[in-house]
Amino acid sequence: MSLVDRVRTSIESALSRLASGGALGEKGPRAITEARGWTVERPKRPEHGHYATNAAMVLTKAVGMPPRAIAEQLVGALADDAVIQSAEIAGPGFVNLRLRPRAIHEELAAIVAAGPLYGRKAAATGERVNVEFVSANPTGPITVAAARNGIYGDAIATLLELTGHRVTREYYINDFGNQVKAFAESVRLAHEGKPRGENHYQGAYIDEIARYLETRKPDPFAADDVELARTCITTMLHGVPGSKTLPGIRKTLSDLGIDFDVWFSEESLHRWGNVDVAIEKLRAGGYLVEKEGAVFFVAGGASAAKEREEKAAKDDKAQKAYRTEEDGRVVKKRDGAWTYFASDIAYHADKLSRGYDRIIDVWGADHHGYIPRMKNVLEALGLPAEKSEILIYQLVNILRDGEAVKSSKRAGNVITADEVMEEIDEAAGRKGAGRDALRFFFLSRSANTTVDFDLEIAKKKSLDNPVFYVQYGHARLCSILRKAEAIGRYDTVPASIDAWAKLDHPDELAIGLTLSRWPDVLAEAAALREPHRIVFYLQDLARDFQSYFTRMKADPVLPRDSTRQEPDWEKTWDHEKTIARLGWIRAIRAVYASALGAIGISAPERMELPQAAEEDT
RNA sequence: GCGCCCGUAGCUCAGCUGGAUAGAGCGUCGGCCUUCGAAGCCGAAUGUCGCAAGUUCGAAUCUUGCCGGGCGUGCCA
């Protein structure tokens with residue numbers, strides 16, 4: 001049970017004691033079972049205590065007593081509580097609570113014992129979940145915009161794993177249709193040294209692919225366009241060996257910390273006839289109608305469609321809504337070709353056949369109009385609505401020196417994730433710094449927020465990224481523990497709850513309380529699909545303890561070198577206190593590393609000061 | 001027109017399953033390195049929470065209407 005839960009339990013039992021003892025009047029016993037909407041919350045101001053409850057205010061109506069009178073009773077009933085040390089009435093009827101240090105010590109001991117497992121749910125206790133994300137067209141490199149999708153989707157997947165679910169990360173390769181055709185044509189034209197048209201891909205990587213394929217045997221250009229397209233897509237996914245500019249989609253994503261379990265080809269759905277099978281299944285269910293030579297998918301089936309159509313005929317308002325989602329979406333065009341929607345139906349039918357409990361798709365906001373039809377298809381295929389989720393994140397605007405750039409893969413003016421990571425790696429003097437910075441940048445905003453990305457500003461300000469502040473904190477903690485190890489007598493954790501007693505500074509206890517919130521933060525971030533909560537939690541934690549360490553310079557955790565040169569230092573130094581505080585530091589580090597891990601960011605044990613930062617002044 | 005997202009400090013954004021004096025980073029100004037890492041710390045200034053009405057003991061948070069911005073509204077993918 002978490003610390004907050006223990007607080008809640010204490011209040012609950014205090015209230016029920018009061019009610020059964022008659023202190024809350026006649027209505028008391030009923031009131032406390034009916035009006036359970038009260039909460040235990042964290043006050044914004046530290047002087048309001050560790051926690052506060054609004055129970056007295058919420059109960060006032062049902063009990064028929066003024067809030068402060070109820071609060072007074074509650075304060076009395078909380079005396080001698082095992083968790084709550086003091087309670088006092090404040091404001092309109094809040095009860096501010098301060099916890100016993102011992103209760104916090106118990107939680108810290110639990111954290112140290114659990115280590116990286118603290119806050120996690122046991123593996124494979126939850127659902128089997130398929131998370132499909134990125135799925136960027138494999139006709140060009142991974143852009144910064146696609147990186148947002150990848151980073152968000154991967155974070156969701158990790159959060160689900162940490163909360164007990166079994167997760168499959170999946171990338172849907174759109175290797176079918178007109179774009180792929182244009183892609184192959186572009187490479188062929190580059191090979192032949194001919195100019196490319198408006199509808200072709202313009203980027204320099206097209207030429208690079210052509211040059212590379214020219215070295216392959218048998219000659220890929222001898223094959224037809226379909227075969228060539230497959231070769232081009234493969235090259236895009238795996239990269240050109242040895243090339244810096246074309247490392248391949250898989251490598252780029254892997255550098256971003258994203259590794260997929262399944263790479264699913266759209267083209268294979270057609271090749272193996274799965275599109276026909278899935279469409280026939282819908283037809284059998286009565287979900288397809290033919291109009292004007294084309295085939296439509298209709299939510300709810302043909303009878304529902306007819307009803308709507310009749311209604312639309314006599315009702316002007318319904319007429320307007322007629323052309324909405326439910327009235328049909330084309331799966332097969334008049335010319336007999338499948339739409340993208342048809343592929344998607346077959347693809348999701350395949351996902352369902354693999355036996356997941358939940359299907360999650362991560363899409364950019366430009367696809368949000370597509371949600372209803374996808375949800376309707378999933379239902380038609382037999383997946384209840386609550387078992388599928390389509391997560392939408394707002395788009396990334398690309399700027400250059402403050403100017404908006406209409407970037408497109410076709411025009412070849414995209415900013416790639418690779419170039420951004422490389423720039424930042426270089427500035428920070430550490431491989432992986434770019435990945436960490438990019439992940440932190442995107443995850444520090446809610447998915448509902450549109451973000452501007454300016455490469456010039458990103459380069460210039462790369463070292464201002466708060467991720468380095470947070471990582472620096474972790475490195476400092478590690479440094480202290482290294483030093484403790486070097487001294488030699490502190491490689492032990494507090495042996496019992498009593499051994500923690502010397503950890504009594506209000507700031508130390510407050511940070512301990514923050515650590516105790518980690519399981520709830522993780523659970524909420526996972527349940528709400530909001531990884532940014534973890535980023536903000538981390539920044540709070542980092543600030544709290546970096547502030548503490550600077551302010552506590554006069555009272556260091558470890559004896560200084562000069563102290564240890566005094567002959568009798570071991571007799572006068574408070575070793576118990578040091579051991580307690582080192583236990584606390586271990587707890588901070590454990591939560592810290594867990595939180596960083598949950599959003600896929602490394603927790604470095606050392607960080608060297610980069611050159612650029614020194615010159616900057 | 002309709003649908004989704006957004007509008008909070010100079011800038012970028014948290015807070016939105018209702019709670020006390022609305023927060024953080026960056027930027028600005030002023031301090032702190034002989035001692036556990038200065039990628040750090042302390043302090044100061046900065047707000048009609050887009051506007052209006054409603055619900056309530058209490059609204060940045062919920063409801064409705066309006067204003068402004070982004071995205072979508074294909075027999076494109």
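Just so we're on the same page: letters track the sequence lines, and every chain starts at 1.
Within 3.5 Å, no donor on the side chain of A:His367 pairs with an acceptor on the base of B:G72, nor the reverse. A donor N or O paired with an acceptor N or O is found under 3.5 Å between the base of B:A20 and the side-chain atoms of A:Asn96. Residue A:Gln394 places no side-chain atom within donor-acceptor reach of the base of B:C71, judged by atom type and a 3.5 Å distance cut-off alone. A donor-acceptor contact under 3.5 Å is not formed by the side chain of A:Asp366 with the base of B:G72.
Checking the phosphate oxygens (OP1, OP2) of B:A14, a side-chain nitrogen or oxygen of A:Ser446 falls inside 4.0 Å. Under 4.0 angstrom from either OP1 or OP2 of B:A38 there lies at least one side-chain N or O belonging to A:Arg476. Side-chain N/O atoms of A:Asn448 include one lying less than 4.0 angstrom from OP1 or OP2 on B:C6. Not one side-chain nitrogen or oxygen of A:Lys332 sits closer than 4.0 Å to the OP1 or OP2 atom of B:C75. Contact annotation: A:Ser547 reaches the phosphate of B:C42 (side-chain N/O to OP1 or OP2, under 4.0 Å). Between A:Lys44 and B:G19, a side-chain N or O to OP1/OP2 separation shorter than 4.0 Å is absent. OP1 or OP2 of B:G37 sits under 4.0 Å from a side-chain N or O of A:Lys483. At B:A39, one or more side-chain N or O atoms of A:Tyr472 fall inside 4.0 Å of OP1 or OP2 (strictly under the cut-off).
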With a cut-off of 3.5 Å and sequence neighbours excluded, list every side-chain donor-acceptor pair involving residues 136-146 of chain A.
from	atom 1	to	atom 2	distance (Å)
A:Asn137	ND2	A:Gln179	OE1	3.0
A:Thr139	OG1	A:Tyr201	OH	3.2
A:Thr143	OG1	A:Ala145	N	3.4
A:Thr143	OG1	A:Ala146	N	3.1

Using a 3.5 Å limit on both pairing distances, list the dot-bracket string of RNA chain B from the 5' end; Watson-Crick and G-U wobble pairs count, crossing pairs take [ ], interstrand pairs take |. (((((((..((((.....[...)))).(((((.......))))).....(((((..]....))))))))))))....
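With respect to A:Lys577 and A:Asp555, a salt bridge is recorded, a charged nitrogen being found less than 4.0 Å from a carboxylate O. Taking 4.0 Å as the cut-off between side-chain N and carboxylate O, A:Glu292 and A:Arg334 do not count as a salt-bridged pair. The pair A:Glu485-A:Arg482 fails the salt-bridge criterion, with no side-chain N (NZ, NE, NH1 or NH2) lying under 4.0 Å from an Asp/Glu carboxylate O.
Positionally, the nearest nucleotide of RNA chain B for A:Thr449 lies more toward the 5' end than for the other of A:Thr449 and A:Phe549. For the pair A:Tyr469 and A:Trp338, both in contact range of RNA chain B, the more 5′-proximal nearest nucleotide belongs to A:Tyr469.
Residue A:Leu558 has its side chain nearest to B:C36 when only B:U35, B:G19, B:C36 are considered.
On the C1' atoms, B:G50 is 16 Å away from B:C5, given to the nearest whole Å.
Scanning for salt bridge (charged side-chain N to carboxylate O under 4.0 Å, His left out) contacts around A:Arg529 gives A:Glu389, with sequence neighbours left out.
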